[in-house]
Structures are given as C-alpha cells and as structure tokens.
Amino acid sequence: MTTLTQNLPPVVRTWRSVVGEKCYTSLVENLNFEDIECIKYSISKGLGLAIVVGGSIVKVPQLLLSERVQHAAFPPAYIMETLSYAITLAYSFRNEFPFSTYGENLFLAIQNALITLLITFFSPNATGKITLISAALTGAVSTLYSLPKDTLSVLQVATLPLSLFSKLPQIASNYQAGSTGQLSAFAVISQVLGCAARLFTTSQEVGDSVVLTGFALALVLNLVLGAQLWMYWGKTEQVKAPVSVPVPVIVEDLVKEEQKVPAYEPKPSSRPQTPSGSRPGTPTPGARKWARKLD
C-alpha cells in the first residue's frame with residue numbers, strides 16, 4: 001500500500017504544497033489517520049480554499065440584480081462592508097497569514113465595490129456620486145496598505161462596529177417592508193456557511209482573537225438575515241397606499257336640486273316703445289314740456 005500511495009498521480013501530489021510535507025506524508029503516504037492535528041489542519045485548508053473560491057462568486061446574483069434593487073441594498077452599507085473587507089485583507093496580508101484564511105476578502109471587496117457603483121449608476125444624478133465613491137474607495141485602499149501594523153491592529157478592531165452598522169440598516173428595512181426584496185438567498189446561505197467555517201479555520205491556522213470575534217459577529221448578523229429570508233420568503237414589499245375618503249353621492253338630492261332651479265325665460269325689454277307715426281325725439285302730445293329760459 002505504501003508503494004502505491006508514494007506514486008500517486010501529479011494532481012494528487014499537488015496537495016503536498018497545500019497541507020505541507022509533514023501532514024502529506026503522514027496522511028497520504030503513510031495513511032496515518034490517527035494524526036488528529038494533521039487531519040484538522042487538512043480540513044481547515046480544504047475549507048479555506050473552498051471559501052476563497054466561493055467568495056469569488058458569492059455576490060454575482062446581487063451584481064446581476066443591482067438595477068432592480070429597491071430597498072435591500074444601501075450604498076452606504078455596502079461602502080462600510082467594503083471598508084471592513086479591505087481592512088481585514090490588509091491586516092491579514094501584513095501579518096503574513098495564509099492566503100486560504102483571508103483570500104475571500106479580496107474578492108468580496110471587489111464585488112461590493114462593483115455593486116455600490118452599479119446601484120449609484122442607476123440612481124438620479126449618478127455621475128458625480130460615482131466619481132466621489134470611486135475616489136473614496138481608491139484613497140481608502142491606498143491608505144490602508146501604507147499604514148503600520150499597530151494602526152492596522154486598531155482598525156481591525158474597528159471592523160466589528162463596521163460589520164454591525166453595515167447589516168443593521170438592511171435588517172431594519174427588511175422588517176419594516178415585510179420583505180427581503182432582491183436579497184440573494186445564495187449569498188446569505190453562503191455567508192452563513194462561510195462565517196461558520198472561518199471560525200474553524202481561523203482558530204486552527206491563525207488564532208487571532210480579534211479576527212475570530214469579527215467572524216462570530218458576522219455569523220450572528222448573517223443568521224438574522226437568513227431568518228428574515230425564511231420568514232418573508234415569497235412576499236413582496238408592502239407599499240402603503242394613501243387613504244382616500246369616499247364622498248357619498250345621493251341621486252335623489254341631485255334631482256331635487258335640479259328641480260329647484262327655474263328654467264331660463266327671456267325677460268321683456270324695459271325700453272319704452274315709440275308710438276307709431278312719430279319720430280324719435282318728437283314730443284308726445286299732452287306731455288309736460290320743460291324749457292330752460294335763456295338769459
């Protein structure tokens with residue numbers, strides 16, 4: 001059996017670079033399944049790579065629905081979430097953590113930035129907003145990668161309230177509307193599973209308490225979104241129409257009012273008629289004459 005496991009195809013032997021020489025030899029070549037540490041480490045590596053691959057496509061449905069997003073997407077919330085991903089990415093990279101423990105943050109930050117720009121593009125007065133958001137994101141990323149490690153550690157702690165404030169508006173809006181709108185079920189489920197797996201991989205390979213707390217908080221918030229998705233499944237947003245008070249119209253009253261209005265009759269002319277045979281301006285016999293004596 002050892003002869004067979006030591007001559008596996010090259011595709012299988014590439015796993016050596018993932019789990020390391022020690023664990024590859026113990027688990028693959030020697031088939032030592034009692035090596036619990038290597039088993040947990042290998043599972044962590046496999047989960048980490050799966051999360052990175054899943055993170056590269058997890059928000060594609062939201063990218064496709066950005067034009068029709070109504071209440072479920074908030075550019076400020078996406079900006080805060082993107083900033084949180086960028087801080088975690090910079091913090092992990094500068095501390096030389098394995099890429100399998102944080103790689104999805106790179107793809108999630110890129111997808112969030114695109115979603116933010118698309119939502120802004122389909123909003124009124126989009127040109128100025130897109131320029132401002134693009135400049136802000138570019139400046140934030142450039143600044144993060146030039147900061148010292150101590151400052152990045154403080155910013156990593158700041159990702160906890162950023163994660164909180166990026167999800168709370170969406171949760172509150174879903175509750176008020178009685179619907180999750182265009183929220184992607186695939187994205188929510190993937191994030192729940194990803195956060196749960198990240199708790200395991202981070203504890204196995206990194207052990208950073210701040211990063212662990214961040215994933216724990218993200219898991220709780222995504223679970224709330226998942227519960228809302230289940231509660232409001234198939235329901236559309238409830239739009240409250242303005243209340244109109246009907247005005248009663250009584251036909252009999254209208255008929256009575258019409259009967260009270262008299263019909264139009266032409267009035268006889270009040271102009272005095274001139275007797276026949278006399279010209280206008282000629283005094284009528286017997287009429288009182290008035291004269292003015294001239295001095």
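No hydrogens, no waters, no symmetry mates; every other heavy atom, side chains included, goes into these values.
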Ignoring hydrogens, what is the shortest heavy-atom contact between [X] and [Y]? Give both atom names and the distance.
| X | Y | result |
| --- | --- | --- |
| Gly55 | Leu108 | O-CD2, 3.8 Å |
| Tyr145 | Phe93 | CE2-CD2, 4.4 Å |
| Leu147 | Leu152 | O-CD1, 4.1 Å |
| Ser84 | Thr159 | OG-CB, 3.6 Å |
| Arg94 | Pro148 | NH2-CA, 4.0 Å |
| Ser42 | Val19 | OG-CG1, 3.6 Å |

Rounded to the nearest 0.5 Å, what separates atom [atom1] in [X] from atom [atom2] in [Y]?
| X | Y | atom1 | atom2 | answer |
| --- | --- | --- | --- | --- |
| Met80 | Thr116 | CE | OG1 | 10.5 Å |
| Glu81 | Lys167 | CD | NZ | 4.5 Å |
| Asn112 | Leu117 | CG | CG | 10.5 Å |
| Thr213 | Gln156 | OG1 | CD | 10.0 Å |
| Thr82 | Leu89 | OG1 | CG | 12.0 Å |
| Ser26 | Ile39 | OG | CD1 | 8.0 Å |

For side-chain contact (heavy atoms from CB on, under 4.5 Å), just list the numbers for Glu205 and Lys45, CA-CA rounded to whole Å, side-chain angles, deciding distance to a tenth of an Å, and then say yes or no.
CA-CA 9 Å; Glu205 300 183 56; Lys45 281 294 183 183; 3.1 Å; yes
Determine, stepwise, if the pair Thr88 / Asn105 fulfils side-chain hydrogen bond (donor to acceptor under 3.5 Å, both in side chains).
CA-CA 7 Å; Thr88 302; Asn105 288 283; 4.6 Å; no
More than 12 heavy atoms of other groups within 6.0 Å of Tyr175 OH
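It does not: Tyr175 OH has 12 such atoms or fewer within range.
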How about Glu34: does its CD atom have over 12 heavy atoms from other parts shown lying under 6.0 Å from it?
no
Got a list of side-chain donor-acceptor pairs under 3.5 Å for residues 191-203, not counting sequence neighbours?
from	atom 1	to	atom 2	distance (Å)
Arg198	NE	Thr101	O	3.3
Arg198	NE	Glu104	OE1	3.3
Arg198	NE	Glu104	OE2	2.9
Arg198	NH1	Ser100	O	3.1
Arg198	NH1	Thr201	OG1	2.9
Arg198	NH2	Ser100	O	2.5
Arg198	NH2	Glu104	OE1	2.7
Thr201	OG1	Ala197	O	3.4
Thr201	OG1	Arg198	O	3.2
Thr202	OG1	Arg198	O	2.7
Ser203	OG	Leu199	O	3.1
Ser203	OG	Phe200	O	2.7

Determine whether [X] and [Y] fall in the same hydrophobic cluster, where Ile, Leu, Val, Met, Phe, Trp and Tyr are linked whenever their side-chain heavy atoms lie under 4.5 Å apart.
| X | Y | result |
| --- | --- | --- |
| Phe99 | Leu144 | yes |
| Leu217 | Ile51 | no |
| Val224 | Leu229 | yes |
| Val206 | Leu106 | yes |
| Ile171 | Leu160 | yes |

Passes side-chain contact (heavy atoms from CB on, under 4.5 Å), Asp208 versus Tyr91? Steps please.
CA-CA 11 Å; Asp208 192 298; Tyr91 176 78; 2.6 Å; yes
Distance-only, no hydrogens or angles: does the [X] side chain make a donor-acceptor pair with backbone N or O of [Y] under 3.5 Å?
| X | Y | answer |
| --- | --- | --- |
| Gln111 | Lys59 | yes |
| Ser153 | Lys149 | yes |
| Ser173 | Pro169 | no |

Residues forming a ring-ring contact (aromatic ring centres under 6.0 Å, His included) with Tyr85, sequence neighbours excluded:
none
What residues join Val157 in its hydrophobic cluster, counting side-chain heavy atom gaps under 4.5 Å, either direct or through other members?
Val210
Of Val53, Ile57, Val52, the residue whose pairing with Phe107 passes side chain to side chain contact (heavy atoms under 4.5 Å, CB included):
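So, applying the side chain to side chain contact (heavy atoms under 4.5 Å, CB included) to Phe107 and each of Val53, Ile57, Val52, only Val52 qualifies.
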In sequence, state the C-alpha distance, the side-chain angles, and the governing distance for Ile87 and Leu162, and then conclude on side-chain contact (heavy atoms from CB on, under 4.5 Å).
CA-CA 10 Å; Ile87 292 172; Leu162 278 176; 4.1 Å; yes
